[in-house]
Amino acid sequence: MYESYYQLPIKPFSLLPDPDFLYLGPKHKMALSLLEYGLLNQAGFIIITGEPGTGKTTLLHKIVQESKTQFTIGIVSNTHDALGSLMPWILMAFGEDGKGGDPIELSQRFTAFLVKEETRQHRVLLVVDEAQNLTPSMLEELRLLSNTNSGKKQVIQIILSGQPGLRSLLQRPDLTQFAQRVAVDYSLEPMSEDDTLAYIRHRIQIAGGAHPIFTEQACRLMFHLTGGTPRLINQVADTALAYGFAEQQPWVTASLLGQAAQDREKGGILPLAERKDVFLRSPQQESDEQREIEAFGKAHRTPTQSNATGACDIQSEERYERGLALKKAGMFKPAI
């Protein structure tokens, strides 16, 4: 809806865990580095935990994207205690037959699969998302699965991602043997205020935006509203852009963002900051924001200006044909 008005080829704040939009601030960069380190050093178990919405699944998609050429990858994403045994779901995650058969037969099928992959010189990676829902018996299954690793070579590596409850689960005395096999673990925290600002501008840029759109004051208010949680930022930012389009505002200011957030908050579902003083701004902050908007206006054409003077030029036949040629050549980002 607002994309054409703000000259954005795609939505910048989708809730889908798209690795192309991953912002590598210090915390997410460390998490990705540890995931890469664990895979490179053939860690048996790698654990990443964090509160909901902190970006764990996006990191998993990124590491899967990076590892496709080196690993045969299986992903189990819908875990809950009603699953019973994990083995049928693990087999199906790798495209193997997980139906029928007793536990011994299913285990033999998976062992045969691992032998086949080792013969093909393929490493095997199992990714389990929402792992806080696993039961102790399921974790014991995974521990026994890792026993197929022998000698100096890891036949299978396992990444578990989940909410903080996973960390609490692994601290149980009856799971000591499992915990001792965890070679790499990291707790992902929400972003800082400066990273929130950089995150918003990063996503605008990746979506093809020619200028930041959100003022610095709006970004800093966003941090105080969301605590730096990426999923909440995406929801509020998407709503703010819709409000900006509805009011034909070229920039998302702190007041516009606050209006959008307060309207969302009235529904009682979105868990934003309860402190109402976060919406209060000093005269100095308002003055700083106004100067920033004036500087934006000099450096960039606003959506209104572009639509009035450059819409025909932007969508000219020459640019269109060049975009099609780049798309056919597989050069999607330049095409956009």
Side-chain angles (χ1 to χ4, degrees), residues 2-3 5-15 21-29 53-55 58 189-265 270-306:
Y2 56 72
E3 293 96 305
Y5 177 71
Y6 286 111
Q7 301 164 43
L8 297 166
I10 55 177
K11 291 183 70 171
F13 297 103
S14 169
L15 294 181
F21 278 89
L22 179 63
Y23 167 69
L24 290 176
K27 296 168 185 176
H28 288 75
K29 185 175 183 180
T54 48
T58 305
E189 297 177 352
M191 296 180 293
S192 67
E193 185 172 349
D194 287 341
D195 277 330
T196 298
L197 188 151
Y199 171 85
I200 292 170
R201 296 188 171 175
H202 167 80
R203 291 189 73 105
I204 291 288
Q205 182 180 25
I206 296 300
H211 58 82
I213 300 178
F214 288 74
T215 68
E216 181 177 336
Q217 292 297 326
C219 294
R220 296 200 182 282
L221 173 59
M222 180 75 83
F223 169 76
H224 292 292
L225 287 170
T226 64
T229 300
R231 186 182 296 157
L232 293 179
I233 293 171
N234 288 356
Q235 293 204 46
V236 175
D238 187 70
T239 303
L241 286 171
Y243 272 52
F245 166 69
E247 298 183 14
Q248 296 291 284
Q249 294 296 318
W251 319 106
V252 174
T253 62
S255 59
L256 179 62
L257 180 77
Q259 178 189 349
Q262 286 178 312
D263 287 350
R264 279 298 308 268
E265 196 177 27
L270 203 62
L272 301 179
E274 296 181 359
R275 289 172 41 238
K276 300 306 176 187
D277 60 344
V278 299
F279 295 103
L280 300 177
R281 295 190 301 146
S282 68
Q284 182 62 51
Q285 288 175 317
E286 292 183 356
S287 176
D288 290 345
E289 185 173 55
Q290 187 57 41
R291 281 197 297 270
E292 183 183 12
I293 290 172
E294 289 172 0
F296 278 169
K298 292 177 182 178
H300 309 283
R301 288 186 301 176
T302 66
T304 303
Q305 291 171 332
S306 296

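As the structure is a computational prediction, the values presented were derived from the model and not from experiment.
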Greater than 12 external heavy atoms within 6.0 Å of Gln205's CD: no
Heavy-atom pair of closest approach, residues His28 and Gly55: NE2-CA, 4.3 Å
Note, Asp194 side chain near Phe223 side chain (heavy atom, < 4.5 Å): no
Residue pair Gln217 / Glu286, side-chain heavy-atom distance below 4.5 Å: no
Test item: Asn234 and Phe21 side chains (from C-beta on) under 4.5 Å apart, heavy atoms: no
Check: Glu292 main-chain N/O paired with Glu216 side-chain donor or acceptor under 3.5 Å: no
Separation of Phe13 CZ from Leu8 CG (nearest 0.5 Å): 9.0 Å
Shortest non-hydrogen contact from Ala261 toward Leu225: CB-CD1, 3.6 Å
From Thr215 atom OG1 to Arg291 atom CZ, the distance as rounded to the nearest 0.5 Å: 13.0 Å
Reported CG-to-CZ distance for the pair Leu270 and Arg231, which is rounded to 0.5 angstrom: 11.0 Å
side-chain hydrogen bond (donor to acceptor under 3.5 Å, both in side chains) partners of Ser255, counting only residues at least two apart: Thr253
Leu22 side, atom CG; Ile206 side, atom CD1 - distance, nearest 0.5 Å: 10.0 Å
Salt bridge (Lys or Arg N to Asp or Glu O under 4.0 Å) against Lys11, all qualifying residues, sequence neighbours excluded: Asp238
Flag, side chain of Lys27 to backbone of Pro190, donor-acceptor distance under 3.5 Å: yes
Verdict with supporting geometry, Met191 and Ile233, side chain to side chain contact (heavy atoms under 4.5 Å, CB included): CA-CA 10 Å; Met191 296 180 293; Ile233 293 171; 3.5 Å; yes
Atom of Pro9, atom of Gly208 and distance for their closest heavy-atom approach: CD-CA, 3.8 Å
For Pro250 against Tyr6, the heavy-atom pair lying closest together: O-CE2, 3.5 Å
Side-chain donor/acceptor of Thr239 to backbone N/O of Gln235, under 3.5 Å: yes
Pair Thr226-Leu272, side chain to side chain contact (heavy atoms under 4.5 Å, CB included): steps then yes or no: CA-CA 5 Å; Thr226 64; Leu272 301 179; 4.1 Å; yes
Expected output: side-chain Arg203 to main-chain Pro12 donor-acceptor under 3.5 Å: yes
Non-hydrogen atoms of Pro230 and Gly53 that approach each other most closely: CD-O, 3.1 Å
Spacing of OH belonging to Tyr243 relative to CG belonging to Leu256, to within rounding of 0.5 Å: 9.0 Å
Heavy-atom check, side chain of Leu241 versus side chain of Tyr5, under 4.5 Å: no
Atom of Gln285, atom of Ser282 and distance for their closest heavy-atom approach: OE1-N, 2.9 Å
Parallel, tilted or perpendicular: ring planes of Tyr23 versus His202, cut at 30 and 60 degrees: tilted
Pairwise distance OH(Tyr199) to CG(Leu24) - rounded to 0.5 angstrom: 12.0 Å
Validation row: Met222, Leu257 side chains within 4.5 angstrom (heavy atoms): yes
Chi angles and distances behind the side chain to side chain contact (heavy atoms under 4.5 Å, CB included) call for Asp288, Gln284: CA-CA 6 Å; Asp288 290 345; Gln284 182 62 51; 2.8 Å; yes
Plane angle bin for Trp251 and His211 - parallel if under 30°, tilted between 30 and 60°, otherwise perpendicular: perpendicular
Donor-acceptor contact below 3.5 Å, side chain Glu247 vs main chain Gly244: no
